[in-house]
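Okay, so here's the structure we're looking at.
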Amino acid sequence: MIKLLSTDFDGTLINHGQKPPVVPELFVMLKELRAQGVHWAVNTGRTLWHLDEGLKKEFRFPIEPDFAIVEERDVFRRANDGGWEPFGDWNGQAARDHAEMFHLAEPLLAEVLAFLERLIGANAIHDHGRFIGAVTTTDADMDRLCVFLDKLRARLPLFSYQRNTIYVRFCHINYSKGTALGELASKLGIAREQVFAAGDHHNDLAMLDGRFAGFVMCPSNSCEEVKLTVRTAGGYLANGVASAGVVEAMRHFGLWKAGI
Ligand SMILES: [Mg+2]
């Protein structure tokens, strides 16, 4: 019935500041489902390196995902040597599309830098010399920045962004956790109705609106926009925090019945 799980990482699997940060039942569930042939993808804003750090060192997962969708865009699969390899030509196309978008957006990004200077404590984020995003000190400041970015988008529809709490990453309009998930499912020959997606924040909205996953959920710690999107899509709003909520949702949908 279910063939692919797409789970955000921070705030959805990981309950930061809680011990343990992941409920043991989640690992039992993932192991059982994978033994049944279900694929598991972590779909995160983290970089691939940062995700590996989280899985192996920071939170010591006893099980590793089959796929990693990172930076809300790039799709990797587990390689035979235990590392990661790009899955198909999606990442290459994404890189080309982003190079074009960043070139076209240069005048807009100059305005974003000027706007950031007016937000106390806000910082631009650069990667390999490219201005790729920003961080603010408060949610309210990020709200203001996103309103400004929305105005800029009207001038360049290719230009979009992914927000996660007080962080924002600029992106090409065609790339999100949702479209990357859709690409992965398509390549695997998995239908939307066989996909489960779980997330808690703005950058998860694109995979929670029902377009790419038939089963969508959010844990109780999710932001209001996510809760509204999941509710609108006919998904499940869990009572549990992070991974406890994910397990609860899987039971709610009848996708996992066993227990410890
Ligand atoms: Mg999250």
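We use all heavy atoms of the structure for the numbers below, so side chains are in, but hydrogens, waters and symmetry mates are not. Atoms within each ligand, like the ligands themselves, are counted from 1 in listed order. Quick note: residue numbers are just sequence positions, from 1.
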Centroid-centroid distance, F87 to F76, less than 6.0 Å: no
Of the N, O or S atoms in D200, the one nearest the Mg ion (ligand 1): OD1
Near-ring test F27/F61, centroid separation under 6.0 angstrom: yes
D204 backbone or side-chain N/O/S under 2.8 Å from the Mg ion (ligand 1): no
Opening angle between O in D10 and OD2 in D8, taken at the Mg ion (ligand 1), to 10 degrees: 90°
Spacing of NE2 belonging to H103 relative to CG belonging to L158, to within rounding of 0.5 Å: 12.0 Å
Between Y236 and E248, a side-chain donor and acceptor under 3.5 Å: yes
